Amino acid sequence: MAMSWADSVSAAENPAGAASKSAYVPPHLRNRPSIEPPAQASYAGAAALGNDHSGYGVPNVVGSRWSGQRTENRSGYVGGGGRGGGWNGGRGGWDRGREREVNPFTEEDSEPFSEQESSGINFDAYEDIPVETSGDNVPPPVNTFADIDLGEAVNENIRRCKYVKPTPVQRHAIPISLAGRDLMACAQTGSGKTAAFCFPIISGIMRGHFPRPPRPRVAFPLALILSPTRELSCQIHDEAKKFSYQTGVRVVVAYGGAPINQQLRELERGVHILVATPGRLVDLLERARVSLQMIRYLALDEADRMLDMGFEPQIRKIVQQMDMPPPGVRQTMLFSATFPKEIQRLASDFLSSYIFLAVGRVGSSTDLIVQRVEYVQETDKRSHLMDLLHAQRENGVHGKQALTLVFVETKKGADSLEHWLCMNGFPATAIHGDRTQQEREYALRSFKTGHTPIMVATDVAARGLDIPHVAHVVNFDLPNDIDDYVHRIGRTGRAGKSGLATAFFNENNSSLARSLSDLMTEANQEVPAWLSRFAARSNYGGKNRRGGGRFGGRDFRRDSSYNRGAADYYGGANMSSGYASGGYSSHGAAGVTSAWD
DNA sequence: AAAAAAC
């Protein structure tokens, strides 16, 4: 029988226990009738993971409706770990024993906005959001966080986050992940995807029994979360720390451009959930400072980006060529707002009989974002931007409460536009990949706090970053790919709030005309007549082609041009679709805060 | 053609 990982850590601190290999009983559970239901045992184990939250060990019955044989298989994986000094080679054991955990809920940086904070999540706007799932035996959605027993400590963190009820993607994705199923999930930007994959991972780690980490000085994370940019990894790390506060689950982040030594120290102190960018992780793997052999959960955020040409080789190396358990042994979850069919096909290499979930149209923008397209010649872009900014300033929508994010195509372009804006009296900062990590983080912070309410950015800031109070996204240069456009404008209109997106369009963007006008039509936006003419002129059918119809949620396994040999991919014909089925809308309460990011 | 991601 496999010892819980937590138990083994504790046992390592207690040589007698380790020698006998008998299950470690934490002090607060000694002298009780011996109780061995797995749920309670694992809770006790988690309590031993180094939190001093008293009352934690109170047995909490786990509603494991969906915990199937998959979960059992996973816990049984890796027979290793019968011996040895346990975690961290005798340097004090797990987390150096109940070290004081920093409270992540002190928001020192949200001062300027405190008045405005947490008002008016617009749930009604999501009432008729289309939801589609496909795959075998899809677990039904939940309506409240109470319907999912994530454990007392996580519930408390949900309360601290002021989440009142789950967002649509959370309602569907969390039960699927808790059931141990692989998942490919598409949900609109700003709809709460991070929590959707973090909660099940944290809960699974708290409840699971895991073998002892086999070697000292090597980190053996149980969960790996990969993202395409350093800032996004930081953000996910910050979120995950909140969700796992006082659960004993340790979250560590690793990314490039920052001193590796501090990250190594954090890893040595023990890690359950590792959040990383691919490059730094490969480095750590090659240095043998991290092993993936105990990974039970793999989550790719912005998964379509992670599997595109630029990243795919690194991801394959990490997932397929190192020591990570194969699909079916680990649980894999892919999340993004966009999921091109060809990437879906590629992604199925990493998944095992997965469930496809689409909440809202795949790759759709939300109709909470007002989208405008203006015809602007290349040479007129700067003065046109100036006009927009002046108009904003006159309307009083300039400043700390209304940030403007300006996307450009190149790093040089970002530098020069930033400089030009500053010269013209608009406090701006810029972020791109040629800046030092320090400069990048400073720029983002200066923008978030409203110190420089304008930020010029390359696509480094296009995905995932949650920056409250971005009122306006300007596509100074449009991207070539409509999916990139969707992610860029998704920096505004988050958490059910409205936003404005303005794009400067000219002949250079004609290849985008058709997909842009289609996207705007779907989102009930006004398409200028001249853009429709551009769209009609352009030949359509390349990469930017999107399917039609009112359901965007399309599992490529259901597309006849992809599913020859469908049995390989697609376990069954079970599919359900509905409009937020399960009475989501009946819970609508204006002004309620939610887990929307 | 550009952007991102390790040292």
Side-chain angles (χ1 to χ4, degrees), chain A residues 219 224-237 252-264 267 274-290 292 300-319 321-322 336 338 340 343 378 405-418 430-441 443-444 455-465 475-488 490-491 504 506-512 542-544:
Chain A
L224 177 63
I225 301 171
L226 292 173
S227 96
T229 66
R230 298 162 181 176
E231 287 76 15
L232 183 52
S233 280
C234 282
Q235 178 183 302
I236 295 166
H237 172 248
V252 174
V253 68
Y255 56 89
I260 201 168
N261 281 329
Q262 195 178 332
Q263 293 172 9
L264 285 171
L267 288 167
L274 177 59
V275 185
T277 49
R280 177 55 61 89
L281 177 61
V282 168
D283 188 8
L284 292 166
L285 291 167
E286 284 170 351
R287 293 178 191 220
R289 300 303 294 265
V290 170
L292 301 178
L300 302 191
D301 199 11
E302 308 297 340
D304 57 331
R305 161 59 101 219
M306 303 305 283
L307 297 172
D308 81 3
M309 283 207 314
F311 275 116
E312 196 222 357
Q314 273 178 305
I315 300 302
R316 277 200 191 277
K317 175 164 188 167
I318 292 165
V319 177
Q321 290 154 34
M322 306 303 290
S336 183
T338 54
I343 301 284
E378 220 48 56
L405 182 54
V406 183
F407 281 103
V408 296
E409 193 63 19
T410 65
K411 293 178 274 203
K412 263 176 76 175
D415 282 333
S416 77
L417 186 57
E418 176 205 26
I431 186 168
H432 62 71
D434 274 356
R435 298 237 164 144
T436 66
Q437 192 54 29
Q438 225 177 6
E439 288 169 330
R440 286 166 59 158
E441 280 165 25
L444 189 53
M455 183 165 80
V456 185
T458 60
D459 271 331
V460 71
R463 284 173 174 260
L465 296 186
N475 273 289
F476 188 89
D477 302 318
L478 272 164
N480 294 316
D481 189 320
I482 191 66
D483 288 344
D484 293 335
Y485 173 84
V486 168
H487 286 275
R488 284 179 176 188
R491 292 322 94 211
F504 296 173
N506 60 42
E507 279 85 356
N508 297 339
N509 311 112
S510 38
S511 69
L512 197 70
K543 210 237 150 240
N544 281 337

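To find a chain, count down the sequence lines: A is the first, B the second, and so on, and within it residues start at 1. Since the structure is predicted, the reported quantities are computational estimates derived from the model, not experimental observations.
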Quiz item: Taking A:R289 for the side chain and A:A219 for the main chain, is one N or O donor matched with an acceptor at less than 3.5 Å?
Solution: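 A pair under 3.5 Å: no.
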Quiz item: Which is true for A:V460 with a 4.0 Å heavy-atom rule: it touches a base, it touches only sugar-phosphate, or it touches nothing?
Solution: sugar-phosphate
Exercise. Tell me what A:G256 touches on the nucleic acid: a base, only sugar-phosphate, or nothing, going by heavy atoms under 4.0 Å.
Key: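 Counting heavy atoms under 4.0 Å across all strands, the contact made by A:G256 is with sugar-phosphate only.
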Given atom [atom1] of [X] and atom [atom2] of [N], what is their separation to the nearest angstrom?
X	N	atom1	atom2	answer
A:R463	B:dA5	CZ	P	13 Å
A:N475	B:dA2	CG	P	19 Å
A:D484	B:dA3	CG	C1'	9 Å
A:D415	B:dA2	CG	C1'	15 Å
A:L284	B:dA5	CG	C1'	13 Å
A:I315	B:dA4	CD1	C1'	12 Å
A:D283	B:dA5	CG	C1'	12 Å
A:I318	B:dA5	CD1	P	14 Å

Of all the choices, [options], which nucleotide is nearest to the side chain of [X] once you look at every atom?
X	options	result
A:T410	B:dA2, B:dA6, B:dA5	B:dA2
A:T277	B:dA5, B:dA3, B:dA2	B:dA5
A:E286	B:dA5, B:dA6, B:dA3	B:dA6
A:F311	B:dA5, B:dA6, B:dA2	B:dA5

Quiz item: Between the base of B:dA1 and the side chain of A:N480, is there a donor-acceptor distance below 3.5 Å?
Solution: yes
[N] phosphate, OP1 or OP2, under 4.0 Å from [X] side-chain N/O:
X	N	answer
A:R440	B:dA5	yes
A:R287	B:dA6	no
A:K411	B:dA4	yes

Quiz item: Taking NZ, NE, NH1 and NH2 as the nitrogens, is one of them in A:K412 or A:D415 under 4.0 Å from a carboxylate oxygen of the other?
Solution: no
Practice problem: Taking salt bridge (charged side-chain N to carboxylate O under 4.0 Å, His left out) as the test, write out the residues that go with A:K317, two or more places apart. | Solution: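 Applying salt bridge (charged side-chain N to carboxylate O under 4.0 Å, His left out) to A:K317 gives A:E286.
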Exercise. Name all residues meeting the ring pair (Phe, Tyr, Trp, His ring centres under 6.0 Å) criterion together with A:F311; count only those two or more places apart in sequence or in a different chain, and write none if there are none.
Key: none
Self-check item: CG on A:L264 to CG on A:L267, rounded to 0.5 Å
Solution: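 CG of A:L264 is found 6.0 Å from CG of A:L267.
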